[in-house]
Amino acid sequence: MNLLIFWIFTIFYVILVPFQKGDCNPEHRKCPCYHQSHNSLAPPNRHICKISNVSLHNLTISEFGDCMKDIEVLSLVNTSTRWIENGFFVNFTHLTNLEFSTNPNVSQCLNNLTGIDKTKLENLTLNNISLNDENLKAIYTIFPSTLKYLTLRSNHITTFPLKWIQDLKYLTSLDLSQSLQFRHFVSDNVQEELPLTHLFVTGTSFFWTKLFKNSNSTCILPNLTEFHLSSTFVNVSATDVNDNCLDNLKVLDLDHCLFEDGLYNDSFRFLPNLQNLNISESFNIYQLPILNTSLKELKMNNIQMKFNETKDNLHIFRNLKNLLHLEISHINLSSWSDDGIGSLLGPLTNLQCINASNNNLKFLPSVFSKLHNLKAVILTNNNITQWHQPTFQSEKLETLNLENNAIGYLDTDFLPTSITTLNLKGNPFRCTCDLVPLIIWAKQNKLYSDILHNRKQYVCDFPMDRKNKSLADFNPLPTDCRPFNTIVITAMVLCGLMVIVVCVTDIVVCYRERREKPKRKPRYRKLSPLT
């Protein structure tokens with residue numbers, strides 16, 4: 001009986017379960033979204049269709065069948081698509097996200113996107129499809145009015161007239177990044193304000209030399225909050241005017257930029273609401289700017305200037321009392337004194353995270369003891385040896401990264417109890433009794449599991465008989481490093497002193513006796529005469 005029930009259950013599972021999942025549904029078999037060759041082994045989802053790395057030359061209504069009406073996300077990546085049936089997208093009544101990426105031939109058939117304006121499309125991505133100015137000019141009129149995000153990365157666009165998007169009342173993000181030939185926007189013919197809040201032109205030939213104003217000097221991007229210009233050319237003086245249309249700008253990414261007219265201490269002074277600034281690896285920095293109090297995140301890694309302990313550099317952070325995140329790696333602080341670093345970082349009383357890696361630091365700056373809101377400190381790839389004072393006073397400190405320094409041992413009494421992540425990989429540990437407290441602390445915390453999983457990065461450097469051996473194998477017995485009792489030590493010292501006193505006294509007595517012995521006259525007994 002049990003065997004019969006088992007076979008019935010097995011047949012039920014094999015035959016009916018696939019229908020529940022949709023694998024054998026005739027409707028699904030008609031849709032390329034559910035073909036194993038198109039969508040690997042992923043379970044079918046009637047709302048999401050992602051096809052990649054297969055040949056799907058023609059997009060036809062008959063190919064997709066009835067599944068078109070349910071699809072909300074359609075993604076075609078590297079599918080060698082070269083033809084789209086006219087009116088194909090009219091049937092995607094619920095489509096909100098459409099992506100064509102790495103399809104160099106699809107740009108020639110974008111005219112057949114007709115019907116896309118009838119969808120509920122909010123996100124349109126056309127990346128690396130050889131899209132040029134003429135292609136874009138031919139299709140911008142059919143962009144649906146519901147569009148919110150337009151991404152045109154890695155194409156052949158050179159110029160983008162902003163009037164092409166002035167009818168898109170909900171468009172908040174435009175991304176032209178990695179389009180190497182892109183150079184400028186045209187804003188003269190725009191008649192009204194655009195709703196754009198995010199603008200991306202990273203990795204292009206864009207040259208920011210003028211403000212976003214039309215021919216009537218009216219701001220056309222007053223709501224811009226994020227502007228990403230990494231690896232482009234920037235004329236900072238263009239923004240250093242009171243009426244720069246950037247009152248709402250909060251994020252400015254100038255990573256690896258070339259400042260055509262240089263950067264000075266009064267740059268960015270007319271960006272009142274700026275909260276995030278990145279000038280890492282940028283060129284032509286003559287002076288570091290004294291920034292506004294609104295800034296909360298600053299990245300100035302590997303800036304292309306000599307960052308010495310000068311009067312101007314000591315106080316560049318004097319207004320940044322609200323700064324929460326600071327990155328100053330690869331700027332070489334080896335010549336800075338402890339007092340100089342204290343003057344530099346002292347005003348950052350609300351700082352929560354600092355990254356000062358690769359700076360040739362030889363000590364832990366004492367100013368850390370005054371930054372009571374620190375949560376993460378990253379000091380990797382420096383020359384810090386050790387510390388013998390409570391440098392970190394923040395009770396909020398959770399992450400301390402000292403990887404690849406010169407730490408031989410550390411006193412765990414100076415580690416805040418709030419620490420949950422401690423990284424000491426790549427340090428030359430002195431595997432002596434001085435290291436035992438750290439081993440005990442590590443076993444009581446998560447660090448020991450890190451030591452076990454990274455045995456080759458936690459190794460002894462001293463003594464020689466343990467050199468290059470894993471710290472995980474350093475387990476001295478309690479008796480090996482048991483400290484002497486103070487009473488015992490005192491008694492031993494007193495005993496030693498007593499022995500010394502006795503020995504010295506004995507030597508002195510013997511010496512005196514030897515000196516006095518020759519002076520004594522021998523006493524002879526008088527003999528009676530012989531008879």
Side-chain angles (χ1 to χ4, degrees), residues 329 333 338 341 352-372 374-486 488-489:
S329 64
L333 298 174
D338 189 37
I341 297 178
Q352 295 181 0
C353 176
I354 181 171
N355 184 348
S357 302
N358 299 89
N359 280 323
N360 295 318
L361 278 172
K362 298 179 181 178
F363 57 88
L364 280 172
S366 58
V367 69
F368 286 145
S369 63
K370 301 177 182 179
L371 304 179
H372 298 288
L374 281 176
K375 293 182 179 180
V377 177
I378 304 172
L379 298 170
T380 61
N381 300 311
N382 284 295
N383 295 314
I384 299 169
T385 54
Q386 57 195 17
W387 69 90
H388 300 290
Q389 55 184 348
T391 304
F392 300 104
Q393 296 290 331
S394 174
E395 297 179 355
K396 302 176 182 179
L397 187 63
E398 298 177 352
T399 301
L400 179 58
N401 192 337
L402 292 165
E403 183 176 356
N404 294 331
N405 275 276
I407 297 173
Y409 71 95
L410 59 86
D411 192 338
T412 55
D413 290 338
F414 298 144
L415 288 175
T417 56
S418 56
I419 283 186
T420 57
T421 303
L422 177 63
N423 187 348
L424 296 172
K425 297 187 186 77
N427 281 282
F429 292 103
R430 299 175 63 86
C431 295
T432 62
C433 291
D434 293 329
L435 196 65
V436 172
L438 177 62
I439 299 297
I440 296 174
W441 184 91
K443 290 182 178 181
Q444 296 172 348
N445 296 272
K446 296 180 180 179
L447 178 62
Y448 200 67
S449 61
D450 191 34
I451 294 175
L452 294 176
H453 286 92
N454 299 278
R455 299 175 67 91
K456 294 183 178 180
Q457 293 178 286
Y458 284 94
V459 295
C460 300
D461 187 67
F462 181 86
M464 293 304 296
D465 61 335
R466 296 204 56 85
K467 191 175 180 65
N468 297 326
K469 292 184 179 180
S470 176
L471 206 62
D473 300 326
F474 179 60
N475 293 299
L477 297 174
T479 54
D480 296 338
C481 296
R482 180 175 294 172
F484 287 104
N485 188 284
T486 54
V488 175
I489 295 175

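Across all non-hydrogen atoms, the minimal contact from P390 to S369 is O-CB, 4.1 Å. Counting all heavy atoms, side chain and backbone alike, A406 lies closest to N427 at N-OD1, 3.4 Å. For the pair S418 and S394, the tightest heavy-atom approach, listed with the atom from each and the gap, is OG-O, 3.9 Å. Residue I451 comes nearest to A442 through the heavy atom pair CD1-CB, 4.2 Å, listed as atom of the first residue, atom of the second, then distance.
Once rounded to the nearest 0.5 Å, the distance linking CG of L447 with CG of L471 reads 8.5 Å. To the nearest 0.5 Å, atom CZ of residue F414 and atom CD of residue Q393 are 10.0 Å apart. In this structure, SG on C460 lies 11.0 Å from CZ on R430, to the nearest 0.5 angstrom. Rounded to the nearest 0.5 Å, atoms NZ (K375) and OG1 (T420) are 11.5 Å apart. In this structure, CD1 in I439 is found 8.0 Å from CZ in F429, a value given to the nearest 0.5 Å. Taken to the nearest 0.5 Å, the CZ atom of F474 stands 5.5 Å off from the CG atom of L435.
Here R455 pairs with D473 in a salt bridge; the nearest charged N to carboxylate O distance falls below 4.0 Å.
Annotation: E395, atom CD; neighbour count of heavy atoms from other residues, nucleotides and ligands within 6.0 Å does not exceed 12. Around CZ of R466, the count of heavy atoms belonging to other residues, nucleotides or ligands within 6.0 Å exceeds 12.
No donor-acceptor distance shorter than 3.5 angstrom exists from the side chain of N359 to the backbone of L361, with no hydrogens or angles considered. For Y458 (side chain) and L424 (main-chain N/O), a donor-acceptor pair under 3.5 Å exists by modelled atom type.
Between P437 and D411 the shortest side-chain heavy-atom distance does not fall below 4.5 Å. Using a 4.5 Å heavy-atom cutoff, the side chains of L379 and F368 are in contact. L422 places none of its side-chain heavy atoms less than 4.5 Å from the side chain of N445. A heavy-atom distance below 4.5 Å is found between the side chains of L364 and F392.
Counting only N and O atoms by type, the side chains of T380 and S357 include a donor and acceptor under 3.5 Å apart. Between the side chains of N355 and S329, not a single donor N or O lies within less than 3.5 Å of an accepting N or O.
Annotation: salt bridge (Lys or Arg N to Asp or Glu O under 4.0 Å) contacts of K467 (sequence neighbours excluded): D461.
The side-chain hydrogen bond (donor to acceptor under 3.5 Å, both in side chains) with E403 is formed by just one residue from the set N382, N381, N423; it is N423. Here the rule is side chain to side chain contact (heavy atoms under 4.5 Å, CB included) with K425, and of V459, N404, D450 only D450 fits it. For the pairing with L400, the side chain to side chain contact (heavy atoms under 4.5 Å, CB included) check across T421, L374, L415, I378 returns one residue only, L415.
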Going through the checks in order, is the side-chain contact (heavy atoms from CB on, under 4.5 Å) test met by L410 and W441? CA-CA 11 Å; L410 59 86; W441 184 91; over 6 Å; no
